[in-house]
K.L.:
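Here it is, the structure in full.
Small disclaimer: the values here were computed from a predicted structure and weren't measured. All ligand and atom numbering here is 1-based and tracks the order in the structure. Residues take their numbers from the sequence shown, with the count starting at 1.
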Amino acid sequence: MHLPTITVGAFLALTSLASALYHRPTPPKTHVNYTVVPDIFLQDDPSTVASGFNFTAVNFGLINRAYPTDDDDDDDKTTTHNNNSLSKSTSQWQRLATYINSLNSQCSSNERYTLLFLGRHGEGYHNAAETYLGTPAWNCYWSERDGNGTVTWADAHLTPTGVAQALSVHAFWAHLIHVEHMTPPQTYYVSPLYRCLDTARLTFDGLELPRGSPPFVPTVKELFREGISAHTCDRRSNRTYIHEQFPSYRFEPGFAEQDPYWTALLAETSADQDRRSKTVLDDVFTTDGSEYISVTAHSGEIASLLRVLGHRVFALSTGAAIPVLVKATTLKGHGPATTTQPYTAQKTCAVPPTIRDSTCNDCSCCT
Ligand SMILES: *[C@@H]1O[C@H](CO)[C@@H](O)[C@H](O)[C@H]1NC(C)=O
Ligand SMILES: *[C@@H]1O[C@H](CO)[C@@H](O)[C@H](O)[C@H]1NC(C)=O
Ligand SMILES: *[C@@H]1O[C@H](CO)[C@@H](O)[C@H](O)[C@H]1NC(C)=O
Ligand SMILES: *[C@@H]1O[C@H](CO)[C@@H](O)[C@H](O)[C@H]1NC(C)=O
Ligand SMILES: *[C@@H]1O[C@H](CO)[C@@H](O)[C@H](O)[C@H]1NC(C)=O
């Protein structure tokens, strides 16, 4: 076929016509700033000690307080007719729900308030192995292997202790929903690592939810995974396997068949982990309007999410969860500039170090 000859000038005219016809204005650059609403949960109070904090013994840490939106009639009824604060006609969680609702109906259009529930998985075989072997032998030798011949900790599954932890959190959610009248999560996100997929299932599957609550159909999100290290417990399984094991779960768009990130003997820097924690939070906050959001993830990843949200450090034991009332503000322009750092090489030892205390995280104790 004979192609018509066109001059450069005519070509430019055609392309500028095409761009005039097809050009879409690029959306203005925005970024999201997160802050924590204080005085809602004990975990945000600097005087609360994280170590040994039992969130199921203290109503998830919800502070007993009045909110500006409390219905004064309720208090009058309570004091006049009934001296028992437990039988107030609205629970602390219901009054918090009214408060969050009013914050969202009164704030500017670029602001929103969301209650995040960040849950750590129950004990996995990698946690048990580190306890059994000691941190130096674990970090510098065993964690780079798939297991020890007896147990496997690559993409670790939950130990029986971990399963029991998740089931006790399930019972706690049932109590929160049916006795405390708390609003359950409207959306659920989960790390792609098996211990989180399983913890989310044991925690939320089969809960009797209030009428109108969205069902438990979590979305698997790559960037909620644990800090990527040389440890095989941070390497995820393929998508086909995850789908076979958890057929009701959804995958976020673009979720790859094979783990795109884990690389033998290399580790993500914590600055990079915070960058991708911010990326995944921005993704959630720009695509999901829920007021109550659950994330099932890891100790290191939840610590990173808390840094991005501006929450104080609050370490979670296996199976524990933390609620955070977040104010998200969408602002014009780019956020503070950050640069991606390359993964760093992780030093290992040719034989397991014999010292047991955790003074040897850099594997300087190779013998
Ligand atoms: C978010 O906003 C607060 C309050 O204006 C400010 O102090 C903080 O530095 C901001 N954080 C980021 C990451 O921009
Ligand atoms: C936490 O508190 C609950 C309820 O009081 C109790 O059943 C549970 O044993 C406690 N857990 C721990 C680890 O102390
Ligand atoms: C009501 O509660 C208050 C404070 O706990 C207590 O001092 C008072 O004796 C109670 N009154 C009755 C009638 O139970
Ligand atoms: C492997 O580690 C587990 C603890 O995680 C331990 O119970 C088991 O005995 C170990 N097996 C071998 C062969 O060392
Ligand atoms: C996916 O993972 C499973 C379980 O590890 C394995 O048996 C299967 O061969 C893998 N499939 C692909 C395509 O990698």
Side-chain angles (χ1 to χ4, degrees), residues 41-43 48-62 64 86 119-180 182 192-195 197-199 202-203 220 222 225 231-247 249 251 255-264 299 314-323 351-354 356:
F41 296 103
L42 292 169
Q43 292 90 327
T48 303
V49 178
S51 167
F53 185 83
N54 183 347
F55 73 109
T56 66
V58 292
N59 200 19
F60 229 141
L62 182 63
N64 281 313
L86 288 175
R120 183 183 177 192
H121 60 80
E123 183 193 77
Y125 281 100
H126 64 309
N127 302 123
E130 179 172 355
T131 305
Y132 172 80
L133 296 158
T135 298
W138 169 252
N139 276 344
C140 306
Y141 184 85
W142 288 106
S143 62
E144 291 79 38
R145 284 153 183 80
D146 284 359
N148 66 354
T150 313
V151 298
T152 300
W153 50 68
D155 194 14
H157 289 208
L158 298 177
T159 65
T161 301
V163 169
Q165 287 169 329
L167 290 174
S168 87
V169 178
H170 175 96
F172 179 56
W173 276 100
H175 167 85
L176 288 170
I177 293 166
H178 300 295
V179 180
E180 304 291 346
M182 173 218 231
L193 290 155
Y194 192 97
R195 53 195 181 275
L197 300 165
D198 206 23
T199 296
L202 293 164
T203 303
V220 182
E222 188 84 80
R225 62 192 294 157
H231 299 189
T232 61
C233 58
D234 298 329
R235 185 182 66 212
R236 73 160 165 87
S237 294
N238 61 50
R239 177 182 173 136
T240 304
Y241 176 79
I242 295 173
H243 176 66
E244 280 163 11
Q245 297 290 311
F246 302 93
Y249 288 19
F251 290 94
F255 189 85
E257 174 64 23
Q258 303 292 347
D259 187 342
Y261 293 114
W262 190 87
T263 310
S299 64
F314 196 91
L316 300 179
S317 53
T318 47
I322 181 172
V351 293
T354 48
R356 279 195 65 88

K.L.:
Rounded to the nearest 0.5 Å, how far does NE2 of H170 lie from NE2 of H175?
P.N.:
14.0 Å

K.L.:
Suppose we measure from atom 5 (O) of ligand 4 to each protein heavy atom; which comes out shortest, and what is that distance?
P.N.:
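Ranking protein heavy atoms by distance from atom 5 (O) of ligand 4, first comes A129 CA, 3.6 Å.
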
K.L.:
As a check for students: among L133, N127, N148, T131, identify the option with a heavy atom nearest to atom 1 (C) of ligand 4.
P.N.:
N148

K.L.:
Looking only at protein heavy atoms, which one is nearest to atom 10 (C) of ligand 5, and how far off is it?
P.N.:
N238 ND2, 2.4 Å

K.L.:
For F251, is the NZ or CZ atom of R239 found under 6.0 angstrom from the centre of its six-membered ring and inside 45 degrees of the ring axis?
P.N.:
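Yes, cation above the ring, under 6.0 Å and within 45°.
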
K.L.:
Which ligand 5 atoms, with their elements, are less than 4.0 angstrom from a heavy-atom of Y241?
P.N.:
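Under 4.0 Å from Y241, ligand 5 has these atoms: 2 (O), 4 (C).
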
K.L.:
Please check atom 7 (O) of ligand 2 for a protein heavy-atom neighbour under 4.0 Å.
P.N.:
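Looking at atom 7 (O) of ligand 2, one finds that no protein heavy atom lies closer than 4.0 Å.
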
K.L.:
Tell me, which protein residue and heavy-atom name are nearest atom 9 (O) of ligand 4, and how many Å apart are they?
P.N.:
Y132 OH, 3.4 Å

K.L.:
Out of T159, T131, T318, which residue meets the side-chain hydrogen bond (donor to acceptor under 3.5 Å, both in side chains) rule with E123?
P.N.:
T159

K.L.:
If you round to the nearest 0.5 Å, how far is CG of L316 from CZ of F314?
P.N.:
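Reported to 0.5 Å precision, the distance equals 7.0 Å.
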
K.L.:
Would you mind checking which non-hydrogen protein atom is closest to atom 14 (O) of ligand 5, with the distance to 0.1 Å?
P.N.:
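Ranking protein heavy atoms by distance from atom 14 (O) of ligand 5, first comes Q258 NE2, 2.8 Å.
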
K.L.:
What protein heavy atom lies closest to atom 13 (C) of ligand 4? Include the residue and the distance to one decimal.
P.N.:
T150 OG1, 3.2 Å

